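What follows is a set of notes on a single structure, which appears directly below.
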Amino acid sequence: MSNERHIPHTQLNEQAQVTCSTCAACCCQLEVMLITDTGVPERFIDSDDWGGEVMRRLDDGWCAALDRDTMRCTIYEVRPLICREFEMGSPECLEERSGIDTIYR
Ligand code: SF4
Ligand code: SF4
């Protein structure tokens, strides 16, 4: 056994820290196209420059269906397909989360 001293440390897996509960719903600022009908209420639907249906966003940049207090989706059960397929911890998610510092400025 060597006399080398080991400094205790914890190996943190960065991926393990990625969770929506420590996020600011960063991905809910993205443009969400409605490519299938999942039952999103009309009041949350807007049209883009090409006439396609998208989730409406408010002046703060976030989706109109996001609860600003809890930062949770208020239409989770009928959320668009794109939202269902956006995977927590995916490269796209990590890319969006990288902007979290500027959200809480
Ligand atoms: S960016 Fe990722 S961690 Fe943040 S809310 Fe979206 S899926 Fe969750
Ligand atoms: S519908 Fe819900 S999950 Fe999708 S962008 Fe809006 S708030 Fe986020």
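Atoms within each ligand, like the ligands themselves, are counted from 1 in listed order. Source: prediction; values computed, not measured.
If you check which protein heavy atom lies closest to atom 6 (Fe) of ligand 1, you get Cys27 SG, 2.3 Å. Annotation: atom 2 (Fe) of ligand 1 to nearest protein heavy atom, Cys93 SG, 2.3 Å. Looking from atom 4 (Fe) of ligand 1 to the surrounding protein, the closest heavy atom is Cys23 SG, 2.3 Å. Shortest contact from atom 8 (Fe) of ligand 1 to any protein heavy atom: Cys20 SG, 2.3 Å. Of the protein's non-hydrogen atoms, the one nearest atom 3 (S) of ligand 1 is Arg97 NH1, 3.5 Å.
No single ILVMFWY cluster, assembled from side-chain heavy atoms under 4.5 Å apart, contains both Val54 and Leu58. With hydrophobic clusters built from ILVMFWY side chains whose heavy atoms lie under 4.5 angstrom apart, Trp62 does not share a cluster with Met55.
Of the possible donor and acceptor atoms, none in the side chain of Thr74 sits under 3.5 Å from a partner among the backbone N and O of Leu66. Side chain of Asp67 to backbone of Met71: no donor-acceptor contact under 3.5 angstrom is found.
By the salt bridge (Lys or Arg N to Asp or Glu O under 4.0 Å) test, Arg79 is found to be paired with no residue, residues two or more places apart in sequence or in another chain being considered. Partners of Asp60 under the salt bridge (Lys or Arg N to Asp or Glu O under 4.0 Å) rule, at least two apart in sequence or in another chain, are Arg68. Shown here are the side chain to side chain contact (heavy atoms under 4.5 Å, CB included) partners of Ile82, two or more places apart in sequence or in another chain: Val32, Met33, Ile35.
Around atom CZ of Arg84, more than 12 heavy atoms belonging to other residues, nucleotides or ligands sit under 6.0 Å away.
Here the closest non-hydrogen pair linking Ile75 and Pro41 is CG2-CD, 4.1 Å.
Protein contacts to atom 6 (Fe) of ligand 2 involving N, O or S atoms at a distance below 2.8 Å are Cys63 SG.
Counting heavy atoms closer than 4.0 Å to ligand 1, residue Ala25 contributes backbone atoms (N, CA, C, O) but none from C-beta onward.
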